[in-house]
Amino acid sequence: MSRIAVVGATGNVGRLVLKVLSERGFSADGVVALSSAESAGKRLSYGENSEIRCGSLDEYDFHGSELAIFATSDAVSERYVGRAVQCGCVAIDSSSCYRMDDDVPLVIPEVNKGSIASYTNRNIIASPNCSTTQMLVALNPLRAVARIKRVVVSTYQSVSGAGRGAMSELYDQTKAMFINKKPEPSEFPRQISFNCIPHVGEFLEDGSTTEEWKMSAETKKIMEEDIKVAATCVRVPVFVCHSQALNIEFHSAISVEEAYEVLSEAPGVLVLGNESSMKYVTPIDCVDDDAVYISRIREDATVPYGLSMWVISDNLRKGAASNLVQIAQILVEEYL
């Protein structure tokens, strides 16, 4: 099996990449963990009974790997992806650096697996934004019944999407509130504990944020259709799992029953019907699961053909680590 380098192995997503690789049967002997020089030498868990030693990214020779999974920031990917590719490595990148490049496939295996074949253009495959990923896993099966015209989505995004520092800030601020200390924001522009912040990413000239722009632009590229997306992205005081309220307008009729049927058979989707004792899911129900959970499917009577639904997924797993590993597994099994 291919020797895989995991770059950013000590971060939230990087650690989960190691976990998912182990779950999917990749031997620890075939995996190299890489991070900054400060973290080099750390021992990281790999599966239930193994550990691997973290190496220094600056000192690593990518000639030793066929695949490199980058669970890194834009700055790190921009600096090192090209270096890995020059050594003959295929790079699977989680950052936004290459997502919108015309010659780089942007891949969600449940949606556009066939696009992986074009990795040979530059030996790079991009993985989408976590919010885009879970939304499109939910939307794609519905296209078999009716073409999608427009999507209005409000996201309720967990703090883990902003990194470990953001998770610590939520914990510390929550604790501070109970001992009458004033919470001091640093990772977020406002207090995150007991609050909601409609500000994910940077603001653009039109008043939208980069996160909202990504959801629209990435949808068009992955779905290869001019689907209009209006997104409002909100950070909420939840540690893990992003939630989305989706309102979907179609070009032709689709019933609630048809939506249930097609979604129930779709890969990567778990649907709760109204007959379920739960009826709906919440973030705490979906942690450490690869499925995209869908509930509260109902008709939207304000447009000729419309549906509304509630969608939740673990942003660190399917939104990031699991999508990266799925792509790697397909490359190993079908291309390399």
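In this chain, numbering begins with 1 at the start of the sequence shown. Just so it is clear, the values below take in all heavy atoms, side chains as well, and ignore hydrogens, waters and symmetry mates.
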query: When you measure from the side chain of Q191 to the backbone N and O of Q173, does any donor-acceptor pair fall under 3.5 Å?
result: no

message: According to salt bridge (Lys or Arg N to Asp or Glu O under 4.0 Å), who are the partners of E218, at least two apart in sequence or on a separate chain?
response: R99

- prompt: Is there a path from I108 to Y98 through hydrophobic residues (I, L, V, M, F, W, Y) whose side chains come within less than 4.5 Å of each other?
  reply: no

field: Expected output: side-chain S95 to main-chain T72 donor-acceptor under 3.5 Å
entry: no

message: Salt bridge or not between E211 and R235? Use side-chain N to carboxylate O under 4.0 Å.
response: no

message: Looking at C130, is its backbone amide N or carbonyl O close enough to the side chain of K214 to form a donor-acceptor pair, meaning the two atoms are under 3.5 Å apart?
response: no

task: Name all residues meeting the side chain to side chain contact (heavy atoms under 4.5 Å, CB included) criterion together with D226; count only those two or more places apart in sequence or in a different chain, and write none if there are none.
output: K220, K228

- prompt: Do the non-hydrogen side-chain atoms of L272 and Y280 ever get within less than 4.5 Å of each other?
  reply: no

task: With sequence neighbours excluded, tell me which residues meet side chain to side chain contact (heavy atoms under 4.5 Å, CB included) with Y305.
output: F250, A253

- request: Taking Q134 for its side chain and H242 for its backbone only, find out whether a donor-acceptor pair lies under 3.5 Å.
  value: yes

- prompt: Counting heavy atoms not belonging to E202, are there more than 12 under 6.0 Å from its CD?
  reply: no

message: Do I327 and V13 sit in one hydrophobic cluster, given that two such residues count as connected whenever their side-chain heavy atoms are within less than 4.5 Å of each other, even indirectly?
response: yes

Interatomic distance, I284 atom CD1 to I312 atom CD1 [nearest 0.5 angstrom]: 11.0 Å

message: For L106, is there any backbone N or O sitting under 3.5 Å from a side-chain donor or acceptor partner on N112?
response: yes

- line: Residues passing the side chain to side chain contact (heavy atoms under 4.5 Å, CB included) test with N49, sequence neighbours excluded, are none

message: Please tell me whether L44 and V7 are part of a single hydrophobic cluster in this structure, the criterion being side-chain heavy atoms less than 4.5 Å apart.
response: no

task: Output yes when a side-chain donor or acceptor of N140 lies under 3.5 Å from a complementary backbone atom of V137, and no otherwise.
output: no

- prompt: Looking at R317 and D289, does any basic side-chain N land under 4.0 Å from a carboxylate oxygen?
  reply: no

- request: Find the distance between CD (Q244) and OG1 (T132) and round it off to the nearest 0.5 Å.
  value: 8.5 Å

- prompt: Are Y119 and I124 side-chain neighbours, meaning at least one heavy-atom pair lies under 4.5 Å?
  reply: no

query: Under the side chain to side chain contact (heavy atoms under 4.5 Å, CB included) test, which residues partner L204, sequence neighbours left out?
result: D206, S208, T210, W213

task: Check for a donor-acceptor pair, side chain of D314 on one end and backbone N or O of C241 on the other, with a separation under 3.5 Å.
output: no

field: Inter-residue atom distance D285.CG - S295.OG, 0.5 Å rounding
entry: 9.0 Å

- prompt: With a cut-off of 6.0 Å (strictly less than), are more than 12 heavy atoms of other residues, nucleotides or ligands near CZ of R190?
  reply: no

field: Side-chain heavy atoms of V107 within contact of I330, under 4.5 Å
entry: no

task: For Y335, look at atom OH and say whether over 12 heavy atoms of other residues, nucleotides or ligands are found less than 6.0 Å away.
output: yes

message: Is there a side-chain contact between I148 and R143 in this structure, where contact means two heavy atoms from C-beta onward sitting under 4.5 Å apart?
response: yes

task: Find the distance between SG (C97) and CD (E78) and round it off to the nearest 0.5 Å.
output: 5.0 Å

field: Residue E333 excluded, over 12 heavy atoms near CD under 6.0 Å
entry: yes

message: Quick one: does any side-chain atom of E169 pair with a main-chain N or O of E187 as donor and acceptor, under 3.5 Å?
response: yes

- request: Could you check if a side-chain atom of I297 sits within less than 4.5 angstrom of a side-chain atom of L263, using non-hydrogen atoms only?
  value: yes

- request: Report the distance from atom CD of E51 to atom NZ of K42, rounding to the nearest 0.5 Å.
  value: 13.0 Å

- line: ring pair (Phe, Tyr, Trp, His ring centres under 6.0 Å) pairs touching residues 61-97, sequence neighbours excluded, are Y60-F62

message: Quick one, Y156 and V238 - any side-chain contact, counting heavy atoms below 4.5 Å?
response: no

- request: Would you confirm whether R296, through its side chain, and M309, through its main-chain N or O, come within 3.5 Å as a donor-acceptor pair?
  value: no

field: Pairwise side-chain contact, V104 with N121, heavy-atom cut-off 4.5 Å (strictly under)
entry: no

- prompt: Is there a donor-acceptor contact under 3.5 Å from the side chain of S127 to the main chain of D93?
  reply: no

query: Is the closest side-chain heavy-atom distance between K318 and V20 below 4.5 Å?
result: no

- prompt: When rounded to the nearest 0.5 angstrom, what distance separates CD1 in I92 from CD1 in I4?
  reply: 7.5 Å

